[in-house]
Each structure stands twice: as C-alpha cells, then as structure tokens.
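Okay, structure first, notes after.
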Amino acid sequence: MPTGISLPEIGYEQAEPQSYEVSPCAFVLFGATGDLTRRKIVPALFRLKLQGLLPDPFVIVAFARRDKNDDSFRAESREAVRAFAPHLPVDGAEWDEFASHIYYLRSTLDDSEGYDRLSNRLTELDAQYKIPGSRVFYLATPPENFSEIIHHLGEAGLNRPGSEEGWARLVVEKPFGYDLASAKALNAELKTYFSEDQIYRIDHYLGKETVQNILVLRFANQIFEPLWNGRYIDNVQITVAETLGVEGRGNYFEQSGITRDMVQNHAMQVMTLIAMEPPVALNADAIRDEKVKVLKSIRPFTPEDVAKWTVRGQYGAGLQEFGESREEVTGYRQEEGVDPRSDTETFAAFRFSIENWRWAGVPFYVQAGKRLPRRVTEVQIQFKAIPDILFARQNWSAIQPNRLVIRIQPDEGAYMEITSKAPGAQFKAQPVRMDFRYGASFDTPISDAYERLIYDTVRGDASLFARDDEVETAWALISPILSAPNYAAGTWGPEAANRLLTGKAAWHIPE
Ligand code: BG6
C-alpha cells in the first residue's frame with residue numbers, strides 16, 4: 001500500500017486471497033472399481049505424486065464392493081495408469097512407493113458395518129502414518145448412490161475429521177441433480193451431515209487450464225476489460241462440440257440429453273466466467289459470488305422464449321470424420337441402451353440474455369452437441385462493427401468486426417482477429433490473426449483437469465467447484481427449457497410455424 005494511505009476502520013474484514021497448503025491426509029475413493037477411477041482419478045493422483053504436489057504422508061483407501069485386496073487393487077491401478085496415462089513411469093520405484101500407500105476396503109455401499117470398518121481403518125492409518133484425521137471422501141459413483149453414501153458417512157461420524165487438527169471434505173461428481181427439484185433435494189441431503197465449506201461439487205471443465213485462463217486473460221490484461229461490455233461487444237458464442245456419440249452410455253444419456261450433460265454445467269460455467277464482474281479477491285467465495293450474480297441476471301425462459309430462443313435436435317446416421325478417416329456411424333436411436341423412439345436431444349442451441357448493465361442487449365449464444373464435425377470447445381467474442389464512415393467510402397467491404405476466440409480445446413490458446421492492410425499498391429483490407437498457442441508458448445504440457453481439481457480438494461481451495469446456490473440457479477434457468485411445452489393451449493401452435501412463411505407473409509388466422 002502506498003505510504004500515507006490507510007484503509008478507514010469501517011468494521012468489515014477486507015477480502016484477502018487465501019493461502020492453501022497441502023497437509024497429510026487420507027483420500028477415500030467410492031466407486032473405486034469404476035471407469036472414472038481408472039481413466040482419470042488414479043492417473044491424476046500419480047501425476048500429482050510425481051510432481052511432488054501430494055502431501056506426505058498421503059494414503060488412498062479404495063472402498064468398493066468387488067472381491068479384491070490391497071495387492072490386486074494396486075496391480076489393477078498400475079494397469080490403469082499404463083493404459084490411460086502411458087507416458088507415466090509405472091515400472092519404477094516411484095510407482096512402488098505410491099502404490100504402497102493404496103489400501104482396499106471391501107464393502108457394499110449400503111452396509112453400515114462397512115462404514116464402521118472404514119472409520120476404524122482410517123483411525124489405524126492416522127496412527128500408522130501420523131495423519132491428523134484429515135480426509136477427502138470422493139464420490140466417483142453413479143449419482144443414484146450419492147444419498148446412501150452421504151447418509152452412511154454421516155451416521156458413522158465420518159463427516160467430521162478424525163481429530164481437532166484435521167478436516168473432512170466431500171467431493172461429489174457430476175451430474176449434480178437432474179433438475180432444480182432434485183438438485184435442491186441433493187443439496188439438502190448433503191447439508192444434513194456436511195457444511196457447504198466441506199463440499200466440493202465437480203465440474204471438470206473448471207479444471208481445464210484454458211477455462212481458468214479466462215479469468216487471467218480478462219483480469220490480468222488492461223487491454224480487454226474496458227472493451228468487455230455491450231458498448232463494444234456485439235455477441236458472445238460458446239460452442240461445445242464433440243465428434244463422439246454416446247459411446248455405450250445410452251442408458252445414462254437417455255435420462256440426461258445434451259442440455260443436462262453439457263449445457264447446464266460446462267457451457268454455463270464458461271459463460272459465467274466470460275460474463276462475471278472482477279471478483280473482490282481470488283478466493284472461492286469471492287469468485288463464486290460473482291458467478292452467481294451472472295446466473296441471477298440471466299432472463300428466465302418463459303414458454304414463449306423457449307419456443308423462440310432454443311433449438312434442440314438429435315443425430316441420425318451419417319458419415320463422421322475422425323481426423324483423416326471417415327466412418328459410417330449409426331443414428332442416436334440405434335445406439336445401445338437408447339429407446340428406438342427416443343426424443344432425447346443430442347444437440348442444443350440457446351440464446352441467453354444477461355440483463356445487467358454490462359451485458360444488456362448482448363446475446364450469449366450457446367451450442368452443444370454430439371456427433372458434430374469436429375471436437376472443439378471455443379468461445380467467440382464478436383466485437384461491434386466499426387462506424388460506417390471513412391473506410392466505407394473507400395469501398396472496403398472486406399472489413400470484418402474484430403473477434404477474440406478463446407480455444408478451450410483442442411489446440412489450447414486464443415486468437416484475436418484484426419483488420420490489416422493487405423500488401424500491394426492498392427488499398428485492400430484483410431482480416432489477420434494474432435495467435436497465442438499454449439503449445440508454442442510453454443514447454444509444459446497442458447495438465448488434465450482432474451489433476452488440478454484433486455490437488456485443490458487436498459489443498460482446500462474450492463474456487464473451481466460449484467457452490468450450492470450456483471448449481472441451483474443454473475438448474476432454475478435450465479429446468480423450464482427441459483419441461484417447456486411446445487405451445488400453450490388456446491394459441492395457434494408453436495412459434496416455429498411462423499418461420500415457414502417467407503417475405504411479408506403471415507399465417508391466416510381463421511375467424
Ligand atoms: C462429460 C459428459 O461431463 O464431459 C460427456 O458427461 C462429455 O458426455 C464430456 O463427453 C466432455 O468432456 P471433455 O473434457 O472431453 O470435453
């Protein structure tokens with residue numbers, strides 16, 4: 001602070017960035033024999049270990065139903081890392097040391113005696129490794145198991161740390177609820193045993209380097225913030241596209257659809273980071289307060305808005321490009337686990353209006369879909385066109401509005417499209433790009449989202465996790481879209497019917 005200036009004593013605490021440190025703990029994994037554990041969690045934990053980012057001591061307790069023991073689970077974990085993170089050294093002393101701290105506890109999820117055994121085992125491990133009773137409980141199970149695990153953890157007293165110096169944290173995987181009512185019910189269940197600051201709701205998009213970079217790009221560069229509003233920005237587009245179909249997850253997807261799977265969480269999280277005001281500090285609550293304000297400023301969808309500002313679709317059979325190759329793929333209704341008459345949407349496009357001073361009049365377009373031509377997640381900030389003077393008189397029709405494109409994946413980075421004079425004796429304008437690529441600017445490879453998120457749960461930094469009000473507000477916005485009727489009784493049918501008529505034509509309203 002400059003000399004001579006002091007803050008007035010006005011009786012409130014100044015928001016400070018918190019400091020988060022890793023301290024010895026146990027990491028208890030529910031759903032330990034599942035796909036997520038093998039593909040993401042175990043490789044992420046081992047990578048953290050290799051970087052020296054895990055506390056010492058650190059033990060993992062895998063809690064699952066199948067008949068395994070410490071040795072067989074350690075061997076399977078090694079194979080999982082070999083398969084899903086093949087560049088990691090699983091044949092050396094580092095793996096052996098890491099694996100020697102993995103334990104397997106066999107129990108079904110509904111057996112209270114299993115949770116008592118877990119509690120005893122954790123107390124033993126605390127004593128053996130001198131851990132102060134600190135625990136992360138990670139729910140990597142299907143959502144239908146969440147409530148019974150929470151209940152049993154609470155009843156076994158595992159919602160509290162093993163000692164006064166310790167802490168207990170609960171990590172909940174997505175999907176968090178199915179609509180507003182179920183998300184509220186799940187939050188209420190969690191709160192029966194855990195307080196909000198113990199709960200870490202995962203949205204793995206927030207762990208992506210490029211998603212975190214949105215805050216840095218916006219608030220660590222003076223050049224963007226003055227332009228970041230409806231005076232200079234025409235519209236914002238967020239695209240979350242995948243080439244994959246539902247990949248054997250037909251059963252799950254039938255219940256979810258793309259809106260629940262990718263829009264309510266991933267795309268809306270990206271939208272809040274693009275639209276939020278600068279937080280008062282870089283701590284979990286200050287950041288999440290600003291994100292919630294954005295969600296609360298979004299104009300709720302009425303049934304008429306749903307008809308006008310949303311589009312949903314479903315993929316049929318087609319020819320899909322995967323890099324260099326092209327493959328015939330089946331339609332959604334032919335996928336395993338999918339009802340042949342299913343109406344579930346695999347594509348959705350929405351227009352959101354954020355009704356606050358910064359964004360009034362700037363549409364936020366969001367589209368997400370499976371089996372689209374490329375796997376790409378990008379945000380495009382489209383600036384307004386320059387005034388129609390000066391260059392317009394020179395017939396410079398080629399002047400395009402500036403665009404800032406944030407490439408979330410793949411080819412992580414961002415580019416700014418500006419207009420430049422093309423070389424030559426004539427005066428011709430052409431759009432050119434100022435391009436930043438992570439791959440070219442940094443030697444370090446982009447880390448996996450799970451690595452960052454697990455690291456943060458161990459450090460106790462909840463900034464990249466969704467808070468209760470954030471999840472509920474996002475559901476409150478999305479639920480009316482999911483349940484909206486297509487047209488109200490007593491009206492002349494869906495709004496979309498008007499799009500059939502061209503020119504000045506309008507539907508004849510019979511008398
Ligand atoms: C998951 C969805 O949350 O995100 C999947 O359930 C989707 O359907 C996946 O494929 C996409 O994640 P990423 O990190 O590959 O973009």
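Start at 1 and go down the list; that is how both ligands and their atoms are numbered. Keep in mind the model is a prediction, meaning the values are calculated, not measured.
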* Taking the side chain from N356 and the backbone from W359, do they hold a donor-acceptor pair closer than 3.5 Å? -> yes
* Structure fact -> Of E242, E247, R249, the one whose closest heavy atom lies nearest atom 5 (C) of ligand 1 is R249
* To do: Would you mind running through ligand 1 and noting each atom that sits below 4.0 Å from a heavy atom of M262?
  => 4 (O), 7 (C)
* Heavy-atom distances under 4.0 Å are what count here, so tell me which part of E173 touches ligand 1: side chain, backbone, both or neither. => neither
* Asked: What atoms of ligand 1 come within less than 4.0 Å of a heavy atom belonging to K174?
  -> 1 (C), 2 (C), 3 (O), 6 (O)
* Please work out whether the ring planes of Y438 and F436 are parallel, tilted or perpendicular, with thresholds of 30° and 60°. => tilted
* To do: Using the side chain to side chain contact (heavy atoms under 4.5 Å, CB included) rule, take R65 and S107 through it: C-alpha gap first, then chi angles, then the decisive distance, then the call.
  => CA-CA 5 Å; R65 174 179 49 88; S107 169; over 6 Å; no
* Identify, for atom 12 (O) of ligand 1, the protein heavy atom at the shortest distance, and state residue, atom and that distance. => H204 NE2, 3.1 Å
* Asked: Y178: what forms a ring pair (Phe, Tyr, Trp, His ring centres under 6.0 Å) with it, not counting sequence neighbours?
  -> none
* Should F253 be listed as contacting ligand 1, given a heavy-atom distance under 4.0 Å as the test? -> no
* Is it the case that N187 and E472 place a side-chain donor and acceptor less than 3.5 Å from each other? -> yes
* Would you mind telling me which of Y104, Y115, F27, Y138 makes a ring-ring contact (aromatic ring centres under 6.0 Å, His included) with F63? => Y115
* Please could you name the atoms of ligand 1 that D261 approaches to less than 4.0 Å, counting only its heavy atoms? => 2 (C), 5 (C), 6 (O), 8 (O)
* Asked: So, R260 and Q255: side-chain donor and acceptor under 3.5 Å apart, yes or no?
  -> no
* What's the shortest distance from atom 14 (O) of ligand 1 to any protein heavy atom, and which residue and atom give it? -> K208 NZ, 2.6 Å
* Asked: Numbering the atoms of ligand 1 from 1, which are under 4.0 Å from a heavy atom of K370?
  -> 5 (C), 7 (C), 8 (O), 10 (O)
* Would you mind listing which atoms of ligand 1 come within a distance below 4.0 Å of any non-hydrogen atom of Q409? => 13 (P), 16 (O)
* Asked: So F350 and F352, would you call those rings parallel, tilted or perpendicular, with 30° and 60° as cut-offs?
  -> perpendicular
* What protein heavy atom is closest to atom 15 (O) of ligand 1, reported as residue, atom name and distance in Å? -> R375 NH2, 3.3 Å
